[in-house]
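Let me begin by presenting the structure, written as structure tokens, before commenting on it.
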Amino acid sequence: MSTVHQTLRDTAAADARSRVLETRLIGLSREKFAREVWGRTPLLTRGAGDFSDLFSASAVDELISGRGLRTPFLRVAKDGSTAPDSSFTSPAGVGASIADQLDDTALWRSFADGGTLVLQALHRTWQPVTDLVTRLGTELGHPVQANAYVTPPQNRGFDDHYDVHDVFVLQITGTKRWLVREPVLPAPLRDQPWTAHRAAVAEAARKEPYAEAVLAPGDVLYLPRGWLHAAEALGAVSIHLTLGVHTWTRHALAEQLAQAALASLREDAEMRASLPLGADGPGDDLALVRRRLAEALAEADPTPLFHRARRRQARPAPMGPLAQLRALDGLAPDSPMRLREGLEARLAGRRLATRAGWLDLSEAELPPTLRILDGGVHPAGELGLPFVERLLRAGVLVPAEP
């Protein structure tokens, strides 16, 4: 049996606002991770750090019993299958005509009976995780999501399966035994789930695992997409976070290149022409189309489509409407301002494109725009108060902490 590539590191405090990958998730440099691990092989980092600032058992209880969450923010899994939503939801009561809010009594019974509670899209419901995911997604250049898995002792939520995204597993509390097996379909795309390869996955699950490891609090396991895995809680309740990295692929880039080429062919009158009357196939026109398509592909620029697709895959960092209003009302030359995190902001000519929308800029607004794109904190007076007011209203700038 092989062992997962392991690294050890000190648990010294790190700057939580920068270099998330190196300071919180792995025990080697970003360059070495990119060269030797990323998308290639599992990596287990022992003692990566203290994750109590991110999530905890009390956070689980608060989300389930005090936040009024609805499906699909939670699901219940046991012995490889998921429970119907109706088994753990109920109407919200007087004043709220919502029929599918979480029922904490039903969830307690499901958990006591061995069900794993899966808090989905945790980056939308728990602020510390939101902050981490926003920074990590910006650093990696790939969209990131977060789920939490709460498993009773001696129970398994899911049988062997693979994900169509890379994952970082952060063990929060308890211990969990992981079995990792090599892919049956290397680097699967998002429309190639494990359920389409059930027989191959089942056969692989009967073989000796590639690696076996027990994760303790503070450990991090990285798994590239496609690697089979199953996990079981041991002597106590296990809580772990899974950060799912939805990687952009060469196939996705090819799709966008093809879209850009086809868009250019729409402007070609000859390509818009009808096939001959009575045609029952491509005939001689296929050679012409192949040639024009190859020429269009050679000249196409998929960059705008690529960046537009990336911006759609994630939201910018949360922004409080009342905090924005206070910033506008109190705007002064010494008011500290910064670019909102997670915007994927790009300046193309005089257009600033972000996840919050786009703005066409004047020539005078270009220099201050370049300044804010450095990610630093700038006094409003140095940027120009009318410019700052415009970007505050657009949700591009936010007040920086003093």
Side-chain angles (χ1 to χ4, degrees), residues 4 9 11 14 16-17 20-27 42-64 67 69 72-77 111 115-140 142-152 155-158 161 163 165-178 180 213-225 227 229-234 236-247 314 317-318 342:
V4 176
R9 75 174 193 176
T11 57
R17 294 192 63 82
V20 173
L21 181 67
E22 291 179 80
T23 62
R24 304 218 65 173
L25 302 182
I26 59 175
L43 172 69
L44 174 60
T45 304
R46 295 289 188 188
D50 180 4
F51 300 131
S52 60
D53 62 316
L54 295 178
F55 205 58
S56 64
S58 60
V60 174
D61 285 343
E62 179 179 337
L63 284 165
I64 288 175
R67 293 290 187 94
L69 293 187
F73 281 110
L74 187 138
R75 57 180 169 148
V76 178
F111 184 71
T116 290
L117 309 182
V118 185
L119 286 155
Q120 302 190 126
L122 200 63
H123 56 290
R124 299 301 308 160
T125 59
W126 195 251
Q127 189 62 47
V129 176
T130 301
D131 294 341
L132 179 79
V133 163
T134 299
R135 293 194 296 273
L136 182 62
T138 299
E139 183 177 336
L140 296 178
H142 299 269
V144 180
Q145 68 164 77
N147 292 348
Y149 295 79
V150 186
T151 306
N155 275 272
R156 174 187 292 191
F158 298 95
H161 66 284
D163 295 317
H165 49 265
D166 292 24
V167 298
F168 290 93
V169 177
L170 286 62
Q171 190 67 27
I172 305 296
T173 63
T175 56
K176 208 162 194 180
R177 174 174 169 262
W178 285 76
V180 178
V214 174
L215 268 63
D219 293 346
V220 176
L221 175 64
Y222 165 75
L223 293 174
R225 57 197 165 102
W227 282 75
H229 55 276
E232 178 183 12
L234 298 180
V237 171
S238 167
I239 303 175
H240 76 261
L241 286 178
T242 292
L243 307 180
V245 185
H246 292 255
T247 53

Distance check, rounded to the nearest 0.5 Å: [X] atom [atom1] versus [Y] atom [atom2]?
| X | Y | atom1 | atom2 | result |
| --- | --- | --- | --- | --- |
| Gln120 | Tyr149 | CD | OH | 7.0 Å |
| Phe51 | Leu132 | CZ | CG | 9.0 Å |
| Leu25 | Leu243 | CG | CG | 6.5 Å |

If you compare all heavy atoms of [X] against all heavy atoms of [Y], which two are closest, and at what distance to 0.1 Å?
| X | Y | answer |
| --- | --- | --- |
| Val76 | Gly115 | CG1-CA, 4.2 Å |
| Asp53 | Pro128 | O-CB, 3.3 Å |
| Asn147 | Ala121 | OD1-N, 3.0 Å |

Should Arg46 and Leu44 count as side-chain neighbours, where that means a heavy-atom distance under 4.5 Å?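 Sidechains of Leu44 and Arg46: in contact.
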
Can you name the residues that form a side-chain hydrogen bond (donor to acceptor under 3.5 Å, both in side chains) with Thr242, not counting sequence neighbours? His240

So, using side-chain hydrogen bond (donor to acceptor under 3.5 Å, both in side chains) as the criterion, who are the partners of Gln171 when residues are at least two apart?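 Gln171 satisfies side-chain hydrogen bond (donor to acceptor under 3.5 Å, both in side chains) with Ser238 only.
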
Only one of Val60, Thr151, Val150 passes side chain to side chain contact (heavy atoms under 4.5 Å, CB included) with Val237; say which it is. Val150

Give a yes or no answer on whether the side chain of [X] reaches the backbone of [Y] with a donor-acceptor pair at less than 3.5 Å.
| X | Y | answer |
| --- | --- | --- |
| His246 | His165 | no |
| Arg135 | Gly342 | no |
| Asp219 | Leu170 | no |

Go through the side-chain N and O atoms of Thr247 and Arg225 and say whether any donor and acceptor fall under 3.5 Å apart.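 There is such a pair between these side chains.
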
